[in-house]
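Only one structure is covered here, and it is reproduced in the block below.
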Amino acid sequence: MSELAKTYEPASVEERWYSFWLEHECFAARPERVSEQRPAFSIVIPPPNVTGVLTLGHVLNNTIQDILARRARMLGKEVLWLPGTDHAGIATQTVVERTLKKQGVIRHRDDLGREKFLEKVWEWKDKHGGIIIQQLKKLGASCDWSRERFTMDAEYSRCVSRVFVELYKKGLIYRGKRMVNWCPVSLTALSDEEVTMKPQNGTMYHFRVEVAELPGTWLTIATTRPETIPGDTAVAVNPKDPRYAHLIGQHIVRPLPVNLTAAEKLIPIVGDDHVEFEFGTGVLKVTPAHDKADFEIGQRHGLPVVDIMNPDGTMNALAGESLVGLDRFEARNVAVDRLRELGVMGKEEPYQNNVGYSERADVPIEPRLSEQWFLKYPSVEQARACVAKGEMKFFPERWAKVYENWMENIQDWCISRQLWWGHRVPVWTKTITLTEQNWTDELLRWGWDSYLGGNWGDTCIRVTKVSDGRVIDTKADPLTPVTAEAEGEYQFAIATFDDSISRELEAAGFTQDTDVLDTWFSSWLWPFATMGWPEKTDTLAKFYPTTDLVTGPDIIFFWVARMIMAGYEFMGELPFRNVYFTGIIRDKQGRKMSKSLGNSPDPLDLIAQYGADALRFGVMRSAPLGADVSYDEKNVELGRNFCTKLWNAARFRQMHGGEHEAQIIPQLLSADDKWILLQLDRAVQEVTAALNEYRFSDATSTLYRFFWSEFCDWYLEASKASLFPSSPASPEDGGEAAEPDGEALARRATTLAVLDFVLANTLRLFHPFLPFITEELWHGLGYSEDMPADQGGRTIMNAPWPKPLTNDERHYMDIDPSHEEFARQRYDVVNAGRGLRRDFNIGSSKRVRFILRGYGGLAPHDHAVLQLLLAADPLELVEPEWVAPKGTPVALTPLGELLLPLEGLIDATAERDRLGKEIAKVEQELAKVRAKLADVNFTAKVPRQVLAEHQQREETWAQKLAQFQRMLETLG
RNA sequence: GCGCGCUUAGCUCAGCGGUAGAGCGCUUGCUUCACACGCAAGAAGUCACAGGUUCGAACCCUGUAGCGCGCACCA
C-alpha cells in the first residue's frame, strides 16, 4: 500500500481510474449474465443533442443516473446504462446554417442544395459530435459506451422508417392540409408542444366598416392584427346577438387592400356561435388563413382562404400594394396608417394578450395552412392507464397529474418538418394516369395485390384521385369493373422502409417526400430501438422494459409520454417502470440557466477547479426531490471540501499502519466504538431508504452528517486516546512516553479494526456519489486486497452495498442503545466543558484542569477519552460531597457537575451572571411545561404517554433549576 | 380562467399534530501532531397572512396574498 499524497488531486486520480474502468470493461452490460440471482437493471440515457455541450442540467441528470447504475451494480445487478445522442433536427440545422453563412460559404441553404448541405451537417457532426460524450466521461458516467447509439445511425433510421410505415398502414399517420404552427424563422411547421404562450403588450385597434347593403350603417371591429385585414373573408357575429343578428347575410366593405374594385372588397357577414357578445365589439373579423379559430369558422361557412403572407412572415402580393414585401410587424404599422388615412380608425388602446412563440427561435409563430403529416397517437389508453394505475411510477408523483391531463386532451401530432437534417418521410409518390387499359397492371405493379390480401410486406400503398382528392377504398375492390369515369390522374403514395423497393420506385419516376420527421418521432423509440428492435435480441429480452428513466419535466410530453405510447405500441409493454423528474437548474436569482443569459457555468471548468466528485456531490446536495435546483458554486466548493475531509480521514487511518481490516473482537469494543458502529448502521439504513425512494439530497445530507459530524468530529478524535496512548506527554508524566502495555496494544488494534470497518463501509456508501475518490481510497487503504475480484477486489464498483446490522451481529458485538446513550452522555460532558472554556475565555486547545463531581464509575479508557476530548489535564473525579472553591464555574452534565477550577482567576461576578442566564432559560422552559400541566383540558385529554413525557420534562427542568440555584448560593 | 406546487434563521433547504433543525454565510477564539478546503464555541426565526379544527398547529381544514409550473385562451 503506497502512502497517500498530502492532498487529494482529483485530475490525475479521475483520469487514471476512468481509464482503468474502461480497460476492464467495468461498464459493459452482459445479457447472458442476467439470472434470477443477478437481475437486470437498465436505464437509457436521455440522448443529448449530438452537437451540444455539457450543461449543469446534464450534470444533474447524468449524476443521478450514474448513482442509480453504480448502486445497482453494488447490489449485484447486471447493469445496462445505454448512452447515445440525438440529431436534434432544427437546432443542429440552424447552427450549421448560421455557421456556414458566417463563414461566407453560403447565403442561403438553397445555395448548396439538399445533398451538399447535408454533407456539411455530417461534417459538422463528425467534428463537434461526441464532445458531449467525452464530457460525460469526465463526469464519471458509467455508461456502456460500446452500445452508444445515434438517432441518425443507419439501423436506428430504419427503425424510424419502419415505425412510420407501420403507423401509416394502420391509418394513424395521414397527410392533410391543416392549420399548423409555423415558425417564420426556422421555416418549418412545429408541433403544439414547441409553442409557448407569452404575454404581449400590444394594442387593440378599433376600426369601422360599412355595411354594403345599408349605406351609412357602420360596424366597429376590434383587432390586434390589422395587417391581416386583406386576408379577411368574412366578419362574424353571434346569431343570438340582437345588435347584429339582422345583418347576417349582408356584406361589409373590407377597407384593405385599398386598390380593389368595390365588388372585390365585399365580404359577407356570417353568424357563428364562436363569437362572444361581450368581447371587443361583438363583431369578429374572420381571417381563415391566419388564425386557427377563424379557419374553423371559415370551414363552417365555406369561406375562401386567402393567404397573404410568405413563409418567412413577410406580406405577399395579396396583402396589397402598400403592404407587400413588408415584415408582418412593419405591415401592422402600415396597415394602421392606412386605416387612419381612410378615416375608419377608432380608438387604439393598450392591450395585453397571449401570443404563441416558437420555443426554439423565440419569435411569434404564425398559424398557417399547409400540407403536413400528422399522427393520431397509438396505444393512448394503455399509456394513460399504466400511470393512473401506478404500474409506472412518477417521482415526484405530482407529474402524474400533468401527464394525465395531457393524455386526456391529446391532439394529433404534426410530425413533418420542412427541414433537411433528419429522417426523411419514407413516402414516395408519383402521379399516374389510369385508364381502362392500364388500370389493373399499374395497380398490381405497385403492390396493390398484397394490399388487398392484407399481406403488406414492407410497404403500404395509398391511391388518391387527383381531381377530387378521393382516396380509393380498397375494401370496395376498385380493380373491377373499371368505368370510363374512373379514369384519370391518380396519385400513388407508397411508404416503405425497404431500400431496394425505394430504389426501384425512384427508378420508376417516383419521388420521395421532401419533409423530414420531427426529431421526437425518432427519440420516442429510444428505449427499444437502441436495443436492436425489431430483432428479438438478447439485450431486449433481458433489459427491456428498463428500470428507471431520469429526465427533466420540461420534456414530459415531448418525450416521456410519447415513449410510453411507443413502448406499448411496438413492444406491447411499458418502456420503463419508474420515471424520476429532476428539477430545473436555476441561478441564484431564480432564472433558468441559459446560453443567452450567460449565467450557466461550464461544468468542465468546475471539474477542473474542484474535481468531478465535488461537482457531483455539490449538485446532488442541492437537488431535493420535486424542487428546482438553485445553483450556487458554494455547493461545489462544499463538495470539494468534503472530498478533502474524506481524503484526510483516510490519511489519518493510514498513518497509524497496522494490519488492515483486522477482526473486531467484541470484548474489546469501547463505548465509542459501539456508538460509531450504531451511527454507521443508521447511516446505512437511511441512505439505503433514501435511494430506494429517489431522495438523493437526503441521502447526500445523511452521508455528510454521518461522516463529518459523527465519524470525524467525535469518533476519530476519541480514537486518538487509544492510538496515541501515552502521548503527547503531559507534564505530570515527566515528559516521558510510557511503554504501551498489552492491553493498550489490544485496544489500539481494536480501534484500527473499527476504523477500517467504518471507513470501508463508508467508501462503499459513498461510491455511487463520489466514484473516483472512493475508488482511489479503496485501493489506497488496501480494502480491495482481501476481496474476490468481482466483489470489490478489482474495483469498488462491484463491492457489495453495505447492509444494516442483523440482530445476531448486534448480539455478537454486544451493542444496544444503552451504549449509544452512554457515549452521548460523555459527549455532553465534553460540550459542557467546551462551553465553560468559552465563557471564561480559555482557548480551546489550552490544557486545563477539569473536575467531574458525582460520577464514580468511569472506566480508565473512557476516562482517557474524556480527558482527551476536553483537553483536560487532568480530569479529576471527585465525590459528590467535594466542595469547590467559591466562584468555581460549574456546568451540569448527564454525568454529574463539571467544574473548571480557575486558580487565581476566579471571577464570582462573571459566574453569577452566567448562572443567572442559565436560570432564566430554565425558568422559562419550566414555566411552559407547568402551564401545560396546570391545564385540566390538557391533563384530561392528552394521551398518557405524552402526559408522562411532560411530567418527566417538568421534573428534569425543576432539578436543573434547583441545582443552578444551589450553585448560585455557594457562590455567595 | 382551470389545475398543481411552493412560502420555516441573511441564503439554500429539512421538519408535516406534542420542547423550532442542518449546511452555507456571519461573530469570537484557535498555526491542537488527518484536514485552515480545518478545529472549537456562539448569535440569529411572532415557521407568508387571516380564520377554523384540536387540550395542543410550522404541521390538518378554509380563505387571502406573493412566487413558480402545467393546460386553456376572446378577435
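By convention in this document, chain letters (A, B, ...) are assigned in the order of the sequence lines, proteins followed by strands, and residues within each chain are numbered from 1. These numbers were taken from a predicted model, which means no experiment stands behind them.
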Look at A:Asn641 and B:G38 and indicate whether a side-chain polar atom (N or O) is within less than 4.0 Å of OP1 or OP2.
-> yes
For nucleotides B:C59 and B:U53, find the distance between their P atoms and express it as a whole number of Å.
-> 15 Å
For this output row, return yes or no: ring centroids of A:His290 and A:Phe295 closer than 6.0 angstrom.
-> no
Using a 4.0 Å heavy-atom cut-off across all strands, classify A:Tyr704 as base, sugar-phosphate, or nothing.
-> sugar-phosphate
Distance check: side-chain N/O of A:Asn353 vs OP1/OP2 of B:A75, anything under 4.0 Å?
-> yes
Find the distance A:Trp714:CH2 to B:C39:P and express it as a whole number of Å.
-> 13 Å
Is a donor-acceptor pair below 3.5 Å formed from side chain A:Lys401 to base B:C4, judging by atom type as modelled?
-> no
Describe the nucleic acid contact of A:Asn409 in one word from base, sugar-phosphate, nothing, applying a heavy-atom distance below 4.0 Å.
-> nothing
Measure distances between side-chain N and O atoms of A:Arg640 and base N and O atoms of B:C37, and say whether any donor-acceptor pair falls under 3.5 Å.
-> yes
For A:Leu723 and A:Arg748 the tightest heavy-atom approach is O-NH1, 3.0 Å
Does a side-chain N or O from A:Trp406 land closer than 4.0 Å to OP1 or OP2 of B:G3, or not?
-> no
Hey, do the aromatic rings of A:Phe395 and A:Tyr580 have their centres closer than 6.0 Å?
-> no
Can you tell me, in whole Å, how much space there is between the P of B:A65 and that of B:A50?
-> 15 Å
Taking atom types as they are modelled, is there a donor-acceptor pair under 3.5 Å from the base of B:C73 to the side chain of A:Asn354?
-> yes
Whichever of A:Val402 and A:Thr644 has its nearest RNA chain B nucleotide further upstream toward 5' = A:Thr644
Do any N or O atoms from the side chain of A:Glu776 and from the backbone of A:Val13 form a donor-acceptor pair under 3.5 angstrom?
-> no
Rounded interatomic separation in angstrom, taking CZ from A:Arg621 and C1' from B:C24 = 8 Å
Does A:Arg838 have a side-chain nitrogen or oxygen under 4.0 Å from the phosphate oxygens OP1 or OP2 of B:G42?
-> no
How would you label the contact of A:Ile842 with the nucleic acid (heavy atoms, under 4.0 Å): base, sugar-phosphate, or nothing?
-> nothing
Think A:Lys917 has a side-chain N or O under 4.0 angstrom from the OP1 or OP2 of B:G42?
-> no
State plainly whether the residues A:Arg849 and A:Asp873 are in salt-bridge range, i.e. N to O under 4.0 Å.
-> no
Contact class for A:Asp698 (heavy atom, under 4.0 Å): base, sugar-phosphate, or nothing?
-> nothing
How is A:Tyr351 classified with respect to the nucleic acid when contacts are heavy atoms under 4.0 Å: base, sugar-phosphate, or nothing?
-> sugar-phosphate
Closest non-hydrogen atom pair between A:Pro226 and A:Val336, with its separation = CG-CG2, 3.8 Å
Lys/Arg N to Asp/Glu carboxylate O, A:Lys240 vs A:Asp273, below 4.0 Å | yes
Pairwise 5' ranking along RNA chain B for A:Val830 and A:Met204, keeping only the more 5' one = A:Val830
Measure from NZ or CZ of A:Arg682 to the centre of the six-membered ring of A:Phe706 and say whether it is under 6.0 Å with the direction within 45° of the ring axis.
-> no
Separation between the P atoms of B:G5 and B:G29, rounded to whole Å = 49 Å
In terms of ring plane angle, is the pair A:Phe696 and A:Tyr694 parallel, tilted or perpendicular, where the classes change at 30° and 60°?
-> perpendicular
Want to know the stems of RNA chain B: at least 3 consecutive Watson-Crick or G-U pairs with distances under 3.5 Å, which are they?
-> B:1-7 with B:65-71, B:10-13 with B:21-24, B:26-30 with B:38-42, B:48-52 with B:60-64
Would you mind reading off the distance between A:Arg651 atom CZ and B:C35 atom P, rounded to a whole angstrom?
-> 6 Å
Heavy atoms under 4.0 Å, any strand shown: does A:Glu717 hit a base, just sugar-phosphate, or nothing?
-> base
Could you give the distance separating B:A14 and B:G1 at their P atoms, to the nearest angstrom?
-> 29 Å
C1' atom, B:G42 versus B:G25: distance in rounded Å?
-> 14 Å
Interface residues of residues 937-944 of chain A with RNA chain B (non-hydrogen, below 4.0 angstrom) | A:Asn937, A:Phe938, A:Lys941, A:Val942, A:Pro943
Nearest-Å distance, CZ (A:Arg705) to C1' (B:C13)?
-> 16 Å
Under-4.0 Å side-chain N/O to phosphate OP1/OP2 contact, A:Lys720 with B:A34 | yes
Can the ring centres of A:Phe394 and A:Trp399 be said to be less than 6.0 Å apart?
-> no
B:U8 versus B:U54 - spacing of their P atoms, nearest Å = 29 Å
For A:Cys643, report the nucleic acid contact type (base, sugar-phosphate, nothing); a contact means any heavy atom under 4.0 Å.
-> nothing
On a whole-Å scale, what distance lies between the C1' atoms belonging to B:C67 and B:C61?
-> 23 Å
Determine the contact category for A:Ser622: base if any of its heavy atoms lies under 4.0 Å from a base atom, sugar-phosphate if only primed atoms, P, OP1 or OP2 are that close, otherwise nothing.
-> nothing
Check A:Leu781 against A:Gln654 and note the closest heavy-atom contact, atom names and distance.
-> CD2-CB, 4.0 Å
Using the P atom as the reference point in each nucleotide, state the distance between B:G63 and B:G3 in Å, no decimals.
-> 11 Å
Contact class for A:Asp713 (heavy atom, under 4.0 Å): base, sugar-phosphate, or nothing?
-> sugar-phosphate
When rounded to the nearest 0.5 angstrom, what distance separates CE in A:Met179 from NZ in A:Lys292?
-> 8.5 Å
With sugar-phosphate meaning primed atoms plus P, OP1 and OP2, does A:Arg953 contact a base, only sugar-phosphate, or nothing at under 4.0 Å between heavy atoms?
-> base
Taking only side-chain nitrogens and oxygens of A:Tyr8, does any of them come within less than 4.0 Å of OP1 or OP2 of B:C35?
-> no
